[in-house]
*Asks:* 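Provided herewith is a single structure, encoded as structure tokens, for subsequent inquiry.
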Protein chains: 2
Amino acid sequence: MSTMHEHAEEKDLPFDVFARACPSRVTLEHVTGRWGALTLGALHEGSLRFNELRRRVDGVSEKMLSQTLQALERDGLVHREAQPTNPPRVDYELTPIGREVATRLISLIQFVEGRMGDVLAARERYDTTRGAR
Amino acid sequence: MSTMHEHAEEKDLPFDVFARACPSRVTLEHVTGRWGALTLGALHEGSLRFNELRRRVDGVSEKMLSQTLQALERDGLVHREAQPTNPPRVDYELTPIGREVATRLISLIQFVEGRMGDVLAARERYDTTRGAR
DNA sequence: CTGTATCCACTACGATACTG
DNA sequence: CAGTATCGTAGTGGATACAG
């Protein structure tokens, strides 16, 4: 192994999210961010228009959805298809890379959803045993 | 299929992150949050002490690491083992559920790291074609 | 319909100092 | 070492109005 760090099975990739200045950390934040994760998750089911997304991602504001989509498009994870019609129609869909990211995200999301019973139980235990804190 | 929504392969789970008020969304945010994801990722390599984590998760402040760990412990994803010695020694490690979450997170992180070349290229293209914007 | 622009509240976060 | 407490700031994010 030609690596100089002490962490076990680590590839010698040029990008490391654990490093403060690594650009991959920024992209990871776009992907896992509050609205990024839900947006990618929604688009995993298929192409959607702006307001369809807005309804699907319950609670997102126009501004944040717009910002989120721009960041994801810039990172090459989402493709924006604008039709020059009137009224305008814009469809968003995942790129091939975006689809792979979304697949992994969905796996995480569904696992968390499936274990919420345990999580809620753990919280009760925590709050009870530690009382007021 | 006994489902009444229009989304394809969806299980009839009681929890749905896409719903604004669902507690699973809060947990997902703990997990995918800026420091939550990196903390779980670091712990996936093995048990770590507070300051070891602090060094591994480059850039995290004491305060944020402390908050992050408390949230993850409360959700039952991280176990905190405090030794009543002097000086104190506290080890953090993943719970079984935490380990499964971290595995999925790692898969996402490594994929993103591996595709940063494409991401960076996509950004260049975006910034060039849209010029100043 | 698909956004952008503006304003404002809140809170997440970092720096620092301090405690057990 | 392992945190907690306090404070100040910068940015997140919502509401609203408006533009193409």
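Numbers restart at 1 for each chain; the letters A, B, ... are given by sequence-line order, proteins then strands.
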*Asks:* Choose from D/dA2, D/dG3, C/dG14 the nucleotide whose nearest atom is closest to any side-chain atom of B/Asn51.
*Replies:* D/dA2
*Asks:* Under 6.0 Å from the ring centre and within 45 degrees of the ring axis: does the NZ or CZ of A/Arg49 meet both conditions for the six-membered ring of A/Tyr92?
*Replies:* no
*Asks:* Could you check which of D/dG14, C/dT2, D/dC1 has an atom nearest any side-chain atom of B/Pro87?
*Replies:*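 Closest nucleotide to the B/Pro87 side chain: D/dC1.
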*Asks:* It should be established whether A/Ser66 places a side-chain nitrogen or oxygen under 4.0 Å from OP1 or OP2 of nucleotide C/dT4.
*Replies:*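 True: A/Ser66 side-chain N/O within range (under 4.0 Å) of C/dT4 OP1/OP2.
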*Asks:* To the nearest angstrom, how far is B/Glu62 atom CD from C/dG14 atom P?
*Replies:*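 The distance from CD of B/Glu62 to P of C/dG14 comes to 12 Å, rounded to the nearest Å.
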*Asks:* With rounding to the nearest 0.5 Å, note down the distance linking CD1 in A/Ile106 to CG in B/Leu108.
*Replies:* 11.5 Å
*Asks:* Nearest whole angstrom, please: distance from the P of C/dA15 to the CG of B/Leu65.
*Replies:*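 About 14 Å, once rounded to whole Å.
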*Asks:* Identify which nucleotide among D/dG13, C/dG3, D/dT4 has an atom closest to any side-chain atom of A/Arg80, counting heavy atoms from C-beta outward.
*Replies:* C/dG3
*Asks:* So, is A/Tyr92 close to the C/dG3 phosphate, meaning a side-chain N or O under 4.0 Å from OP1 or OP2?
*Replies:*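 So the side-chain polar atoms of A/Tyr92 do come within 4.0 Å of the phosphate oxygens OP1 or OP2 of C/dG3, strictly under.
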*Asks:* Do the side chain of B/Asp75 and the main chain of B/Leu77 share a donor and acceptor less than 3.5 angstrom apart?
*Replies:*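 No; zero donor-acceptor contacts below 3.5 Å.
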*Asks:* For the side chain of B/Met64, starting at C-beta, report the closest nucleotide among C/dC1, C/dC13, C/dG3.
*Replies:* C/dC13
*Asks:* Under 3.5 Å, is there a donor on one side chain and an acceptor on the other for A/Arg123 and B/Thr27?
*Replies:* yes
*Asks:* Rounded off to whole Å, could you give me the NZ-to-C1' distance for the B/Lys63 and C/dG14 pair?
*Replies:*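 B/Lys63 atom NZ is separated from C/dG14 atom C1' by 8 Å.
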*Asks:* C/dT2, OP1 or OP2 - any side-chain N/O from A/Arg49 closer than 4.0 Å?
*Replies:*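 For C/dT2, OP1/OP2 do have a side-chain N/O of A/Arg49 under 4.0 Å.
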*Asks:* Whole Å only: how far is the CD atom of A/Glu81 from the C1' atom of C/dC1?
*Replies:*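 Atom CD in A/Glu81 sits about 16 Å away from atom C1' in C/dC1.
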*Asks:* Rounded to the Å, how far apart are B/Arg54 CZ and C/dT16 P?
*Replies:*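 Checked: the CZ to P distance equals 12 Å.
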*Asks:* In this structure, how many angstroms lie between the P atom of D/dT4 and the CD atom of B/Gln67, rounded?
*Replies:*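 Going from CD in B/Gln67 over to P in D/dT4 covers 9 Å.
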*Asks:* B/Asp91 CG to D/dC1 P: how many Å, rounded?
*Replies:*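 B/Asp91 atom CG is separated from D/dC1 atom P by 13 Å.
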*Asks:* Quick one: CZ on B/Phe18 to CG on B/Leu28, what's the gap to the nearest 0.5 Å?
*Replies:* 9.5 Å
*Asks:* Counting any heavy atom closer than 4.0 Å, what does B/Gly33 reach on the DNA or RNA strands: base, sugar-phosphate only, or nothing?
*Replies:* nothing
*Asks:* To the nearest Å, give me how far apart CZ (A/Phe50) and P (C/dG3) are.
*Replies:*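 My rounded result for the distance is 6 Å.
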*Asks:* Between B/Gln83 and D/dC1, is there a contact of a side-chain N or O with OP1 or OP2 at under 4.0 Å?
*Replies:*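 For D/dC1, neither OP1 nor OP2 has a side-chain N or O of B/Gln83 closer than 4.0 Å.
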